[in-house]
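Note that this is a predicted model, so its numbers are computed, not measured. In what follows, chains are A, B, ... by sequence order, proteins preceding strands, each numbered from 1.
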Amino acid sequence: MTVRVRIAPSPTGYLHVGTARTALYNYLFAKKNNGKFILRIEDTDVERSSKEMTDIIIESLKWLKLEYDEGPFFQSDYFSHYIDHIPQLEKTGGIYRCFCTPEELEERKKKVIEQKKAWKYDRKCLNLSKEEIEKNLNEKKPYVWRVFIPEGKTYFDDLIHGRIERDNSEIEDFIIVRSDKTPVYNFAVVVDDYRMGVTHVIRGDDHISNTFKQLHIYRLFGVEPPKFAHLPLILDEKKAKLSKRSGTVSVLAFRDMGVLPEAFVNFIALIGWSPKDNREILSIDEMIQLFSFENVAKKGGVFDYKKLEWMNSKYITKTDDEKLYELLKPFYKESGIDIENFEKEKILKIIFSVKEKARYLKEFPYLTEFFFKEISDYDKKGVEKFFTPDRLSHLKVLVKELENVEKFTSENVEKLYKDYVEKNGIKGADVIHPTRLALSGRTEGPSLFLMMEIFGKEETLKRLTKVL
RNA sequence: GUCUCCAUCGUCCAGUGGUUAGGACACAGCUCUUUCAAGGCUGCGACACGGGUUCGACUCCCGUUGGAGACGCCA
């Protein structure tokens with residue numbers, strides 16, 4: 001039997017980091033087993049679903065390079081389809097009409113909770129007589145369909161947790177069809193997963209309680225349920241389920257910060273899973289190779305921004321300059337610099353000069369902005385420290401010598417500085433720091449001699465002369 | 001509150017009866033260096049607790065405690 005898995009986000013918000021990781025694990029499992037990865041949009045909540053969000057979800061998946069083999073399918077396209085199954089289920093005697101209004105329910109629920117008891121639907125409509133039902137129907141009273149939960153126990157063997165069991169008395173007679181005839185999540189999921197031949201349901205463990213309900217629907221259909229794997233949740237610093245309130249959770253927000261998709265995927269993969277040998281940097285192919293539920297943790301994991309930063313900087317460092325050039329265009333544009341207006345070779349060198357420092361692509365413009373604009377203000381402390389009379393007098397001499405350099409390469413410039421320092425018995429820092437400050441206005445930055453080469457002779461001399 | 005899940009360094013993971021309990025991030029120090037980073041080295045730092053089982057428990061069982069999740073005509 002070929003493996004078929006799905007990711008089933010609801011288009012009521014951006015693609016969440018947690019959903020992204022669920023998608024990743026589904027993807028890894030599918031690829032590992034030569035199976036199919038399906039995208040299904042769970043939009044049965046018409047009120048809260050939107051086309052924009054659907055587009056964002058698709059765009060997010062695309063950015064992550066988690067390509068789906070089938071879909072996207074939309075549950076809203078099958079609305080009538082779900083209801084078609086009701087007569088079949090009714091015949092089993094496993095579902096029943098409930099005419100209780102939300103208001104009535106609310107009232108009864110309140111009373112029960114006041115007595116500090118757990119609320120569960122009280123089955124008021126379970127044993128309505130044929131006549132009563134007819135009467136209600138004739139009066140056009142709205143009703144929902146509920147599943148009757150018999151006595152006993154419900155259990156399943158989770159691929160990650162092992163057997164999970166729950167007494168049926170803990171499961172209420174839940175609703176599968178709303179009074180407006182639309183299916184509720186638990187019902188739509190079962191119908192779809194079955195229709196699509198989903199073999200493994202891999203989802204967050206916040207769905208465990210839904211699984212029990214869904215199992216009862218499978219039972220009524222007389223159909224073998226799929227295998228389940230409930231993933232531990234991704235947590236925030238406070239160890240609560242990661243949510244909008246926890247900070248940035250939208251996948252595209254990470255893209256916009258300049259996180260590389262490969263780094264992001266690598267990072268989220270490692271929350272809740274790791275290869276046996278503790279490797280940290282893994283390509284998607286390696287992950288596919290190594291993925292197994294045996295290595296998936298049961299415990300929820302905190303989303304550690306610091307580690308993401310570290311990993312992203314690793315990926316940036318190893319990305320080649322040409323590729324970075326392409327990726328960086330929008331980030332520079334956003335800060336008002338059109339790098340395509342400059343000589344590409346020069347931009348490539350600029351990128352190279354700071355790529356080991358950047359943690360996010362977004363940092364490049366700031367890290368390199370002095371290459372693109374004249375310096376008007378110099379670091380205050382730096383000025384006090386480095387623009388002293390003695391140091392400036394050295395610079396003055398250096399400027400003259402620099403003028404005579406024919407090939408203005410970092411090697412040649414460096415040699416010139418080294419020779420000068422030795423000849424005059426001073427410290428390299430005494431001329432290097434003032435030079436850096438004059439060129440960039442900063443006390444820190446890329447390798448100085450490389451900077452000089454990038455600026456070229458003319459611009460270097462211009463900037464140096466300006467501070468003398 | 002009820003039910004379910006979970007429990008190794010601050011954080012993410014290794015560890016599946018006998019280990020000096022390992023790696024990574026973070027943090028601190030040292031080193032390298034023209035600066036900041038990066039790199040290299042070192043350090044700090046954990047088996048929640050209590051009972052069993054066993055010759056022997058971080059590893060198995062049971063409790064306790066703690067944390068999380070679910071308790072919608074949301075998904």
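Counting any heavy atom pair closer than 4.0 Å across all strands shown, P446(A) reaches a base atom. Note on F449(A): a base of the nucleic acid sits closer than 4.0 angstrom, heavy atoms only. Among the atoms of the strands shown, only primed sugar atoms or phosphate atoms (P, OP1, OP2) are found under 4.0 Å from some heavy atom of G301(A). As judged by a 4.0 angstrom heavy-atom cut-off over every strand, S179(A) is placed among the base-contacting residues. Using a 4.0 Å heavy-atom criterion, one finds that L233(A) contacts the sugar-phosphate atoms exclusively. Using a 4.0 Å heavy-atom criterion, one finds that N210(A) contacts the bases of the nucleic acid, with or without backbone contacts as well. Among the atoms of the strands shown, none is found under 4.0 Å from any heavy atom of K238(A). Using a 4.0 Å heavy-atom distance criterion, L448(A) is classed as a base contact. Residue R279(A) is classed as having no contact, given no heavy-atom separation below 4.0 Å to the nucleic acid. Residue K276(A) is in sugar-phosphate contact alone, with no base atom involved, counting any heavy-atom pair closer than 4.0 Å across all strands shown. V144(A) comes within 4.0 angstrom of a base, heavy atoms only. Residue contacts shown for T317(A) are absent, as no nucleic acid heavy atom lies under 4.0 Å away. Residue E165(A) is classed as a sugar-phosphate contact, given heavy-atom separations below 4.0 Å to backbone atoms only. Nucleic acid contact for E42(A): sugar-phosphate only, since backbone atoms but no base atoms lie under 4.0 Å from a heavy atom of the residue.
Straight-line distance between the C1' atoms of U11(B) and C30(B): roughly 25 Å, to the nearest whole Å. Using atom P as the reference point in both C9(B) and A46(B), the two lie 9 Å apart (nearest Å). Distance noted for atom C1' between G45(B) and C13(B): 16 Å (whole Å). Nucleotides G50(B) and G66(B), compared at atom P, are 16 Å apart to the nearest Å. Using C1' as the reference atom, C36(B) and U42(B) are 23 Å apart when rounded to the nearest Å. Taking atom P in both G29(B) and A38(B), the straight-line distance is 14 Å, to the nearest Å. With both ends at atom P, the span from A57(B) to G51(B) equals 12 Å, rounded to whole Å. The C1' atoms of G39(B) and U33(B) are separated by 11 Å, rounded to the nearest whole Å.
Atom NE2 in H161(A) sits about 19 Å away from atom P in C3(B), given to the nearest Å. Note: CZ (R163(A)) to C1' (C6(B)) measures 20 Å, nearest angstrom. The nearest whole Å value for the distance from the CD1 atom in I175(A) to the P atom in G72(B) is 10 Å. For the pair N186(A) CG and A70(B) P, the interatomic distance rounds to 13 Å; values are reported in whole Å. As a whole-Å value, the separation of D205(A) CG from A7(B) P is 11 Å. Here A38(B) presents its C1' atom at 14 Å from CD of E444(A), a figure rounded to the nearest Å. In this structure, L231(A) places its CG atom 13 Å from C1' of C5(B), rounding to the nearest Å. Between E237(A) atom CD and A26(B) atom C1' there is a gap of 14 Å when expressed in whole angstrom units.
Closest contact between the side chain of I271(A) and the listed nucleotides C12(B), U34(B), G69(B) involves C12(B). With distances taken from any side-chain atom of S447(A) to the nucleotides U34(B), A38(B), C13(B), the minimum falls on U34(B). With distances taken from any side-chain atom of K109(A) to the nucleotides A37(B), G72(B), C6(B), the minimum falls on G72(B). Closest to the side chain of T44(A), out of U2(B), A75(B), C6(B), is A75(B). Each of C73(B), U35(B), U2(B) was ranked by its minimum atom distance to the side chain of R436(A); first place goes to U35(B). Relative to the side chain of R166(A), the nucleotides A75(B), G1(B), C3(B) differ in distance, and C3(B) lies closest. Of all nucleotides listed (U35(B), U4(B), A75(B)), U4(B) comes nearest to the side chain of I164(A).
Taking the ring centre of Y315(A) as origin, the terminal cationic atom of K318(A) falls inside the region bounded by 6.0 Å and 45° from the ring axis. A cation-pi contact, defined as under 6.0 Å to the ring centre and within 45° of the axis, links R442(A) to Y366(A). A cation-pi arrangement is found for R146(A) relative to Y121(A), the charged atom lying closer than 6.0 Å to the ring centre and inside a 45° cone about the ring normal. Annotation: cation-pi geometry satisfied between R195(A) and Y78(A) (NZ/CZ under 6.0 angstrom from ring centroid, within 45° of ring axis).
For a distance-only test at 3.5 Å, the side chain of K357(A) qualifies as a donor-acceptor partner of the base of C36(B). With hydrogens and angles ignored, no donor-acceptor pair under 3.5 angstrom links the side chain of D277(A) to the base of A14(B).
With a 3.5 Å ceiling on both atom-pair distances, the Watson-Crick or G-U wobble partner of C12(B) is G23(B). Nucleotide U34(B) is matched to nothing when pairs are restricted to Watson-Crick or G-U wobble geometry with both distances under 3.5 angstrom. Nucleotide G1(B) is matched to C71(B) when pairs are restricted to Watson-Crick or G-U wobble geometry with both distances under 3.5 angstrom. Nucleotide C58(B) has no partner under the Watson-Crick or G-U criteria, as no pair reaches both atom distances under 3.5 Å. In this entry A48(B) has U64(B) as its Watson-Crick or G-U wobble partner, both defining distances falling under 3.5 Å.
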Practice item. Heavy atoms under 4.0 Å is the rule here; annotate nucleotides 19-25 of chain B 5' to 3' with B where the base is hit, S where only the sugar-phosphate is, and - elsewhere. Key: ---BBBB

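Every residue meeting the salt bridge (Lys or Arg N to Asp or Glu O under 4.0 Å) condition with R391(A), not counting sequence neighbours, appears here in chain and number order: D430(A). Judged as a salt bridge (Lys or Arg N to Asp or Glu O under 4.0 Å), and not counting sequence neighbours, the contacts of R40(A) are E42(A), D192(A), D193(A).
Between T443(A) and C100(A), the residue whose closest nucleotide on RNA chain B is further toward the 5' end is T443(A).
At U8(B), one or more side-chain N or O atoms of K299(A) fall inside 4.0 Å of OP1 or OP2 (strictly under the cut-off). Between K239(A) and G66(B) there is no side-chain N or O to OP1 or OP2 distance below 4.0 Å. Between K241(A) and A70(B) there is a side-chain N or O to OP1 or OP2 distance below 4.0 Å.
With hydrogens and angles ignored, the 3.5 Å screen pairs a side-chain donor or acceptor of K120(A) with a backbone N or O of S169(A). Counting only distance, with no hydrogens or angles, the side chain of K213(A) and the backbone of V147(A) share no donor-acceptor pair below 3.5 Å.
Taking a 6.0 Å sphere around CD of E139(A), one finds it holds more than 12 heavy atoms contributed by other residues, nucleotides or ligands.
Checked against L464(A) for a side chain to side chain contact (heavy atoms under 4.5 Å, CB included), the options V399(A), L398(A), L392(A) give a single hit: V399(A).
Under the stacking criterion of a centre-to-centre distance below 5.5 angstrom and an interplanar angle below 30°, H207(A) is not stacked against the six-membered ring of G69(B).
Side-chain polar atoms of S246(A) and D236(A) form a donor-acceptor pair below 3.5 angstrom. Side-chain contact of R166(A) with S209(A): a donor-acceptor pair under 3.5 Å is absent, judged by distance alone.
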